[in-house]
Amino acid sequence: MSGPSLGPAADGALVDESRLIRADLSPGKRLAALALKWESLLFLIFVAMMAANSLLSPVFLDPANLLDATFNFTEKAIIALPMIFVILCGDMDISVASIISISSLFMGMSSASGAGTTAIVLVGLGVGLAAGLFNGLLITRLDIPAVAVTIGTMSLFRGVSNAVLGDQAYTRYPASFGELGQGYAVAGLVPWQLLVFAALAAAAALVLNRTVFGRYVYAIGNNKTAARFSGVPVQDVRLAVFAATGLLSGLAAVLLTSRIGSTRPDIASGWEMDVITSVVLGGVAITGGKGNVGGVIIATFLLGYLRFGMGVMNVPGKVMNIITGALLIVAILLPRAIETLRRRALLGGRA
Amino acid sequence: MKELLKRAAKRKEATLVLLFALLCALVSLRAPSYLSGKNVNTIANDSALLVIASLGQFLVILIGGIDLSVASNIALVGMTMSLANVAFPGLPAALLLPGGSAMGAATGAFTGLLVAYGGLPPIIASLGTQCIYRGVVYLVLKGSWVTATKMSPGFLALPNTPILGVSSMVWIAALAAAAVIVFMRYTASGREVYAYGGNKTAALFAGVRSRKVEILAFVASGALAGLASVLWVSRYGVAQSETAAGFDLQTVAACVLGGVSMSGGSGAAIGVAIGALFFGAINNALTVVRLSPFYQMALQGFVILFAIVSNTLIDRRNQMKLAARRSV
Amino acid sequence: MKKTLRMLSLALALALVAGAALSLGSCAKAAPKTAKIAMVVKSMGNPFFDACRDGAQEAAKELGGIEIIYQGPSTPTAEGQIEIIDSLIAQKVDGIIVSANDKDALIPITKKAMSKGIKVMSFDSAIAAGGRMVDLVPSETELIGKQQVQLISELIGAEGEVAILSATSQATNQNAWIEVMKKEFETNPAYAKMKLVATVYGDDLSDKSYREAMGLFESYPKLKGIISPTTVGVAAAGKAITDKKLIGKVQLVGLGLPSEMKFYVMNDACKQFALWNPVDLGYSATQITNALVKGKLKSAKDGTPVKAGEVVEAGRMGKITIGESGVAVMGNPFVFNKSNVEKYASIF
């Protein structure tokens, strides 16, 4: 052993490369270089997966099918964007699916009382934002770990939907509301949802890489205390990040409710883990401070099309889960294992 | 005596106990039968499995992780043990308890190895094994169920055999809790888990071996989940691929409720046991006062939030007092 | 060195993905020119639906030239079923048979399927009228609900407190039956001395159903009977009655699978329960979908419900007549007790 190992501070990126990239690069560039490497690896896996699927199924590589398949993961992808920021800060939000539920509940209520499409959307976004702020305020003002707070609000938010709806459901929405989550743009081929996601992804990348706010997020994730002492408004940034997560979960609720035209308390159940999986597979370190938007976008499409590909080959869902789970472990394990072996070999050579 | 009370009040579990007492008092007002021996027994029975599994989760949270494979461990080990019972009905059912623990320790160790040697964060490693273990159950059973019809009567009676008026399941949970309490307080390994969770770097420099602690936590979590699994499938009389679905987050919630810090290193096993019992008590209270089952989830969420907020406020006050005393 | 290693890790990852996909794909090759009919169930790993699949395969074999695809999400959610139906549309299957997790949420996607020429029907748990062409109910909703009340009334001498243990609070079929039962309890003079005291939800999870049943014993000490119109719930309630040593004191009826209920029938925890034959259900659904796919139903157009009065020749099940708004009824539920449960336990 070469001194104390830093084992538990694990993450998805090729961490050990950081030792080889010299300190003469700025921290930002160094991180960018790292992320780029993880992203390129992911991208190649993505290409291989697409190629394998196309070979195995004649219906897979059809533009209309591929575009339609995005309906099933765009909403999750939209939540993954703010989740990148949350995890970069070293936090976690497991209440996102429950925010969808409560936000959809209020949309259903407003629709039932005769509200128009615009009002319904505003209600959905507003409730999402409020739920996010509620999380954020508890986490930052009382300084409680985010997992603890969001495991509570996860029950609370969905619990409210349960208490209000019971065995009932809201199923009447205006026709124009249905267009939002089901409609197409660009020659009737590209789902609106996908365009919304593309715009948001670009915005997220811009904020993370080109603004002071983005630099703050990385600083907080790397070392909260140090960030505070160097004048980063740590708690305000985290609050904003949780509020944004709530807002975009609200947006996901708008799109999902519109897509399926129905509000039930169990809507989107289990989505929180799907979202977190794609963020982690995208190379964002669960300990915070490392990762970027690009990797997560690739990971989202990788997981989405892997499921779709297995779907057109009629692989049972439980078997898909085995493969997704194995992919998650291997994708993160492999580069690390190889790096460790290499380091051992180098050390052995020197000795 | 006064000193003792003062010290007790400072502990995080004190809030929980107060909250618990409040719940009991309120429910008893409306339904006096709530605190009857019979009903307390019901609550204990309904919480026993959660207590056992949460104690395992507790160790993983102490090292700063989360074990998302608890429920799928229960599904996988539970299936294997019930199949063992179906294949060898003559084998004493009680032997499956250590058998299940051993197998759970092994499946837990696999997750632990991924963490310790693969460098995967606990949440990712266990998310991965969760998907795999549950999938394996599906593949082995091909979607069918192991039902009570196929299990031996001895196996089905295993969790309910009364010993001194209390079911064996509750005894096992109590023994598991006692074992974890003793282990955490009085053994070097137990102290190492706390030290490691509290401050990784400091613990490493103090000679704590990180890999040992990480594997230990997951082995313990797996073994306790394995123990719970045998009781689970024999109590509910069925083993299938969706066994214990959603149980992971309930064990985490029981730990949070029990005052375990999600950032690791702090919390007590007794708190976890009380936290898990509390969940059983809330659910039971809802049925006893005949409140709509639809309020259950919201109430659970509210209680979790209330407990962590009040714990935090108490912590803060204690720290401020400590700071004030220091400055004198 | 670094480059080689990265290439190596990449190659390994590629091999992994390709290997996984290949090994899966090899078992999913379709022969050309057969009609593909997909059965989408509430969730995988439910013996009831596995029996339905067996029936579907039986019908496919009889009819010839039909490939049955059996799919379902890993947890019973509408979102999961939508994802599956999307991939079925992409595969251009000819017909889809769905047991819906949500009668409304599936409408947009099944409409899309029908707009592409795919024939969609629901069975077991319905999709609302706009989202399918035929709905095959195993038996009249009225009949099922009334029979359940009748069964419990026989066991408790039409007197005392009764509770219902349901599946999820959102299950379309469950809620419809419960509605009928409630009406029976309120209006039927024969049941004047019986009282429905509670409806609880076990979410089709064995552990939750078991605890809910236990909860009923606590909160209603005078409870005489439980009706559990769900296969998971009725088995869990049987276990709870057995464990609590209430056999003979609390009676249980419901809808159950003989293979799961045999134990509780033999120990008297559940003296009688009902169910239709899931094999027949899957068989009939496949016959109907085949008729839709082959264009044998004249009014099957534009993805709207088939008109009342159309008749499907359904092999060994005889003729099935489509009723109002495309609803077809299979037959009467069958009652199982000590005399016959053993015989059926080996089938489903």
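Any value given below was found using the heavy atoms of this structure, including those in side chains, with hydrogens, waters and symmetry copies removed. Numbered from 1 within each chain, the chains take letters A, B, ... in sequence-line order.
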Could you check which of [options] has the highest count of heavy-atom pairs closer than 4.5 Å to chain A?
options: B:S263, B:G128, B:G135, B:A298; answer: B:A298
options: B:Q296, B:Q300, B:M262; answer: B:M262
options: B:I132, B:T129, B:V256, B:L68; answer: B:I132

- Any chance the rings of B:F218 and B:F110 have centres within less than 6.0 Å? no
Counting only non-hydrogen atoms closer than 4.5 Å, does [X] touch chain A with its backbone (N, CA, C, O), its side chain (CB onward), both, or neither?
X: B:A253; answer: both
X: B:R209; answer: neither
X: B:L139; answer: side chain
X: B:I123; answer: side chain
X: B:V252; answer: both
X: B:V303; answer: neither
X: B:I63; answer: neither
X: B:L313; answer: side chain
X: B:L299; answer: neither
X: B:T312; answer: side chain

Please flag which part of [X] lies under 4.5 Å from any non-hydrogen atom of chain B: side chain, backbone, both or neither.
X: A:T324; result: neither
X: A:I144; result: side chain
X: A:M154; result: side chain

With no hydrogens and no angle check, is any side-chain donor or acceptor of [X] less than 3.5 Å from a backbone partner on [Y]?
X: B:S221; Y: B:A217; answer: no
X: B:D248; Y: B:A71; answer: yes
X: B:R134; Y: A:I322; answer: no
X: B:T243; Y: B:Q240; answer: yes
X: B:Y138; Y: A:P316; answer: no
X: A:R264; Y: A:A169; answer: no

Do [X] and [Y] get their side chains close enough for a donor-acceptor pair, meaning under 3.5 Å?
X: A:R238; Y: A:Q235; answer: yes
X: A:N135; Y: A:S95; answer: yes
X: B:T107; Y: B:N73; answer: yes
X: A:K318; Y: B:S241; answer: yes

- Task: Decide yes or no on side chain to side chain donor-acceptor pair (under 3.5 Å) for A:S104 and A:T263, but give the supporting numbers first.
- Result: CA-CA 6 Å; A:S104 186; A:T263 294; 2.8 Å; yes
What residue, out of [options], has the most heavy-atom pairs lying under 4.5 Å from chain B?
options: A:L156, A:T277, A:V147; value: A:L156
options: A:T153, A:I94, A:L138; value: A:T153
options: A:I151, A:L281, A:D167; value: A:I151

